[in-house]
There are 2 protein chains.
Amino acid sequence: MSRDATPTRQPLSPDRVVDAGVALADSEGLDGLSMRELAQRLGVVPMALYKHVANKEDLLDGMVDRVWAEVEPPAPELGWREAMRRRSISLRDALRRHPWAVGLLEGRMRPGPANLFQHDAMMGCLRGAGFGFRTTVHVTSALDAYVYGFALQEKTLPFGTPEESGEAAARKLEATPPELAQRFPHLLEVAAELARAGYDYEEEFLTGLDLILDGVERLRPEWIAG
Amino acid sequence: MSRDATPTRQPLSPDRVVDAGVALADSEGLDGLSMRELAQRLGVVPMALYKHVANKEDLLDGMVDRVWAEVEPPAPELGWREAMRRRSISLRDALRRHPWAVGLLEGRMRPGPANLFQHDAMMGCLRGAGFGFRTTVHVTSALDAYVYGFALQEKTLPFGTPEESGEAAARKLEATPPELAQRFPHLLEVAAELARAGYDYEEEFLTGLDLILDGVERLRPEWIAG
DNA sequence: ACCTGAACACCGTTCAAGT
DNA sequence: ACCTGAACACCGTTCAAGT
């Protein structure tokens, strides 16, 4: 119990700093995440953060591992295909909740424990299903590349629901000068179709994912060779 | 001919500003690209740039379209599969030359002419080969997602050649405390294999690309339905 | 009418001075 | 020994003052 008028504020910890960092990036984007703004939201002087994180890079490391911790690891008992499918969907979902993380997930110099765990589980699931070394790396690489790239497109494109996307496409179509329409007829054709029927990210993502998994399935003869 | 001692410097233009922006980002990364540094390299006061580009976002728009202009458009006469394959390889090559562009290619609010041309050519090639509307969008989306995501991984991972990657993996392996090795056995196994044989980005990229193209080929029955 | 230096409102991080 | 305000070296961009 403190006697003074100001409420006793709970002490800072690395976890609280990282949590607040994730919340700030979620709401304001990566550009809105500054040490100074973060400190203000936590009710402390900027300098105080540096006792709990070494610097901004260290903060980002922690934030990225929070995202990895939200990803559902592959469950080998479902069989490799369904396990890969669900974990890819779960990764995309995490990236939709935290779009700022898309460019940061890979390539951390100091991968966190959740990151290591996820990749180990991925390798373990595929190796356990009989995939060879190289094939395991190929499959992981292709699936993750697809999810990252899709998340990048999704994050970056302006519309959410199919309806919104249809309206956006329709507006764009109206605003297109006829001279441009002539130069890019196929683009216009597709834009018109999207304006009519909307663009469903969910279906788009799953179609590509299943297409890749089909491709992986066809690697079977090479399993042992991997 | 100017009479004073300082050499007559060629006048600034939007093109020169954008060119210098690409060069600066290529050599120093996106973080190193500041209006002030760019101005200094061009031998002008920062303010002078604002007569040729509206602001930094406008500069980035121009830079991104430069990258699109370097991508070889699909050549329908090769057949859709080979055309898609080459254009995907060309896109990845452009992104290797300009890694800073990976997160920026999509989602420009004001797509430049080269961007529009590329997407129109992509759609045109697939529609011309008999793919339906939706299928065309699916194929474009899946291929681009894969290339973006792969470029993201590649940009972000620390090693270049297979040999370098082998050495890096070997060093990492040595530095791994046995306690971590126990917790992540599959990761260790794969790291050991990479340390032995190296990691070949080129082969990795092409394997995934062909896997996706195989998947697309299997969509044939649905062509008309698209 | 044009050009630009100074200024504004920010950054991440250091460091010395104060308790 | 601990804490933190002021400072440093940056940002992108505005704007008024000078020519």
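To find a chain, count down the sequence lines: A is the first, B the second, and so on, and within it residues start at 1. The basis for the numbers below is simple: all heavy atoms, side chains too, and nothing from hydrogens, waters or symmetry mates.
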- Message: Tell me the interatomic distance from A:Leu12, atom CG, to D:dC2, atom P, rounded to whole angstroms.
- Response: 17 Å
- Item | P-based separation of C:dA9 from D:dA9 [nearest Å] | 22 Å
- Go ahead and write out DNA chain D as dot-bracket, 5' to 3': ( ) for pairs within the strand, [ ] for ones crossing earlier pairs, | when the partner sits on another strand, dots for unpaired; Watson-Crick or G-U wobble, both distances under 3.5 Å. ||.|||||...|||||.||
- Message: Please report the distance, rounded to the nearest Å, between NE2 in B:His52 and C1' in C:dC2.
- Response: 13 Å
- Message: Roughly how many Å apart are C:dC8 and D:dG18, using the P atom of each and rounding to a whole number?
- Response: 16 Å
- Query: Atom CG of B:Leu49 to atom C1' of C:dT4: distance rounded to whole Å?
  - Reply: 13 Å
- Query: Are A:Arg127 and A:Phe133 in a cation-pi setup, meaning NZ or CZ lies under 6.0 angstrom from the ring centre and within 45 degrees of the ring axis?
  - Reply: yes
- Side-chain touch B:Lys155/B:Leu95, heavy atoms, less than 4.5 angstrom: no
- Message: Would you compute the distance between atom CG of B:Asp26 and atom CH2 of B:Trp100 and round it to the nearest 0.5 angstrom?
- Response: 6.5 Å
- Task: State plainly whether the residues A:Asp144 and A:Arg87 are in salt-bridge range, i.e. N to O under 4.0 Å.
- Result: yes
- Message: Taking the six-membered ring for Trp, are B:His119 and B:Trp68 closer than 6.0 Å centroid to centroid?
- Response: yes
Would you list the protein and nucleotides 11-18 of chain D atom pairs, both N or O, that sit under 3.5 Å from each other?
| residue | atom | partner | partner atom | Å |
| --- | --- | --- | --- | --- |
| D:dC11 | OP1 | B:Ser34 | OG | 3.1 |
| D:dG12 | OP1 | B:Met35 | N | 2.9 |
| D:dG12 | OP1 | B:Lys56 | NZ | 3.1 |
| D:dG12 | OP2 | B:Met35 | N | 2.9 |
| D:dG12 | OP2 | B:Arg36 | N | 3.4 |
| D:dG12 | N7 | B:Arg36 | NH1 | 2.3 |
| D:dG12 | O6 | B:Arg36 | NH1 | 2.9 |
| D:dT13 | OP2 | B:Tyr50 | OH | 2.8 |
| D:dT13 | OP2 | B:Lys56 | N | 3.0 |

- Message: I'd like to know whether CZ of B:Phe184 has more than 12 heavy-atom contacts from other residues, nucleotides or ligands below 6.0 angstrom.
- Response: yes
- Item | Ring centroid separation A:Tyr146 to A:Tyr148 under 6.0 Å | no
- Side-chain contact, heavy-atom cut-off 4.5 Å: A:Asp61 with A:Leu104? no
